[in-house]
Amino acid sequence: MPELPEVETIRGALAPLLAGRTVLAAGAHPSAKFSSAPRAVGRTVVDVRRRGKYLLADLAPAAGAPRAELVVHLGMTGQLGPDLDPDGPHARAWWRLDDGTTLVFRDVRRFGRIAVLDDGDHSALPTLAALGPEPFGDGFTPEGLWRALGRSTSRVKTQLLAQRVVAGVGNIYADEALWRAGIHPAARRVGRQRAARLHAAVRGALADGLADGGTTLRDYRTVDGGEGRHQAALACYGRARQPCLRCGTTLRRSVVDGRGTTSCPACQR
DNA sequence: GGCTGGCCCTGTACGC
DNA sequence: TGCGTACAGGGCCAGC
């Protein structure tokens, strides 16, 4: 499942391919999740940015229309690249560019989403509109995280996944960060010191994933079709019934607000 | 306004 | 071998 490290890896590879390119033609699956993709036709990509798990391609003004953004969320199984088959069974959208390449969005489970929005108007995507601070930005601080967590009575893992206290964390890196911080995923109260540990753990888990080009468990692929390398370095996620790397206790699998969760019953309190 | 749980969606694993 | 069922989970939304 693409989270911040995977989306950032894709962004870094896509940006030089798309910047300055004009979209000549496009097609999309009829589902409302994807059908707005052709609205990018006639536009020139200025830059490709990332917010949380969203990719945002800035589109230059065209024919009297103001600036716009092509927003892509990869969902669970989304792949984006120039080497995918636009006629393949799971292709959900494609854009033909003025250099002859065709960018294809493939998404087996259709949990992804595409939108072409007026510049800065994210009201059609509530999670994007309410997105919390970027984890590597100055806006994400230990104090701010502690205060944000304290504003809700939801479980700490649920808050991390909701994208409001910090952007870009999904199930893999939430489990990893909570394990690093020694915090139980179902905890509803996190003190100032533990929030500071969680702040460092979120940054550390995401940075390590980013350095490895992301985590490939099944569907995630880089723009050139390669796999991430971080799956071999996971300390917690997916290691249920195996010994905790810190204390040796057998890691336990549970369900926290409907999400599969792995944690250590001894060192995550 | 905040929280909870159901739904979407399809490939894979597993049991019978 | 083939069929049915459970499961995976990010974001949205209805209901409380």
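Naming: A, B, ... by sequence-line order, numbering from 1 per chain.
Counting to the nearest Å, the P atom of C:dG11 and the CG atom of A:Leu74 are 10 Å from each other. The nearest whole Å value for the distance from the CG atom in A:Asp175 to the P atom in C:dA8 is 12 Å. When rounded to the nearest whole Å, the span between CG of A:Leu160 and C1' of C:dG10 equals 14 Å. For the pair A:Leu131 CG and C:dG10 P, the computed distance is 14 Å after rounding to whole Å. When the C1' atom of C:dG10 is taken as reference, atom OH of A:Tyr54 falls 8 Å away, rounded to whole Å. Between A:Asp257 atom CG and C:dA8 atom C1' the separation is 17 Å, expressed in whole Å. Per the geometry, CZ belonging to A:Phe34 stands 16 Å off P belonging to C:dG10, to the nearest Å. Taking atom CZ on A:Arg109 and atom C1' on C:dG11, their separation rounds to 14 Å, with Å as the unit.
Of the candidate nucleotides C:dG11, C:dG10, C:dC7, C:dC7 has the atom lying nearest to any side-chain atom of A:Arg253.
Following chains of ILVMFWY side-chain contacts shorter than 4.5 Å, one can reach A:Leu206 starting from A:Leu160, so the two form part of one hydrophobic cluster.
Screening residues 207-216 of chain A for salt bridge (Lys or Arg N to Asp or Glu O under 4.0 Å), with sequence neighbours left out, gives A:Arg180-A:Asp208. Legend: side-chain hydrogen bond (donor to acceptor under 3.5 Å, both in side chains) pairs involving residues 91-102 of chain A, not counting sequence neighbours, sorted by first then second residue: A:Arg21-A:Asp98, A:Asp99-A:Thr101. Every pair tested for ring-ring contact (aromatic ring centres under 6.0 Å, His included) that includes a residue from residues 244-269 of chain A fails, sequence neighbours excluded, so the list is empty. Identified under the salt bridge (Lys or Arg N to Asp or Glu O under 4.0 Å) test for residues 153-175 of chain A, with sequence neighbours left out: A:Arg155-A:Asp257, A:Lys157-A:Asp175. Listed by first and then second residue, the side-chain hydrogen bond (donor to acceptor under 3.5 Å, both in side chains) pairs involving residues 78-87 of chain A are A:Gln79-A:Arg106 (not counting sequence neighbours). Sorted by first and then second residue, the salt bridge (Lys or Arg N to Asp or Glu O under 4.0 Å) pairs involving residues 60-71 of chain A (not counting sequence neighbours) are A:Arg49-A:Glu69, A:Arg67-A:Asp119. Sorted by first then second residue, the side-chain hydrogen bond (donor to acceptor under 3.5 Å, both in side chains) pairs that include residues 192-205 of chain A, not counting sequence neighbours, are A:Glu143-A:Arg192.
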Give every pair of a protein N or O atom and an N or O atom of nucleotides 13-15 of chain C that lie under 3.5 Å apart, one pair per line with the distance.
none

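Contact annotation for A:Lys53: backbone-only contact, meaning every heavy-atom pair under 4.0 Å involves sugar-phosphate atoms and none involves a base. A:Arg164 comes within 4.0 angstrom of nothing in the nucleic acid, heavy atoms only. Here A:Gly75 lies out of heavy-atom contact (under 4.0 Å) with every strand. Looking at heavy-atom distances under 4.0 Å, A:Ser152 makes contact with sugar-phosphate atoms alone, never a base. Note on A:Thr153: only backbone sugar-phosphate atoms sit closer than 4.0 angstrom, heavy atoms only; bases stay farther off. Nucleic acid contact for A:Arg259: base, since at least one base atom lies under 4.0 Å from a heavy atom of the residue.
For A:His73, no side-chain nitrogen or oxygen approaches OP1 or OP2 of C:dG10 to under 4.0 Å. The phosphate of C:dG11 (OP1 or OP2) has a side-chain N or O of A:Gln163 nearer than 4.0 angstrom.
Contact footprint of chain A on DNA chain B: nucleotides with an atom under 4.0 Å from a non-hydrogen protein atom, first to last in 5' to 3' order, B:dC3 to B:dT12.
Side-chain N/O atoms of A:Thr215 and A:Tyr173 include a donor and acceptor closer than 3.5 Å. A donor and an acceptor atom, one from each side chain of A:Thr22 and A:Thr44, are located under 3.5 Å apart.
Atom SG of A:Cys264 is separated from atom CZ of A:Arg246 by 7.0 Å, given to the nearest 0.5 angstrom.
With sequence neighbours left out, A:Tyr54 forms a ring pair (Phe, Tyr, Trp, His ring centres under 6.0 Å) with A:His73.
Atom CG of A:Asp224 has more than 12 neighbouring heavy atoms from other residues, nucleotides or ligands inside a 6.0 Å radius.
Within the helix from B:dG2-C:dC16 to B:dC16-C:dG2, the inter-axis angle between the opening and closing five-pair segments is 50°, rounded to 10°.
Panel note: side chain A:Glu3, backbone A:Gly170; a donor-acceptor pair is recorded below 3.5 Å. Using modelled atom types, one side-chain atom of A:Thr77 and one backbone atom of A:Arg109 make a donor-acceptor pair closer than 3.5 Å.
For DNA chain C, the neighbouring residues in residues 229-240 of chain A, judged by any heavy atom under 4.0 Å, are A:Tyr237.
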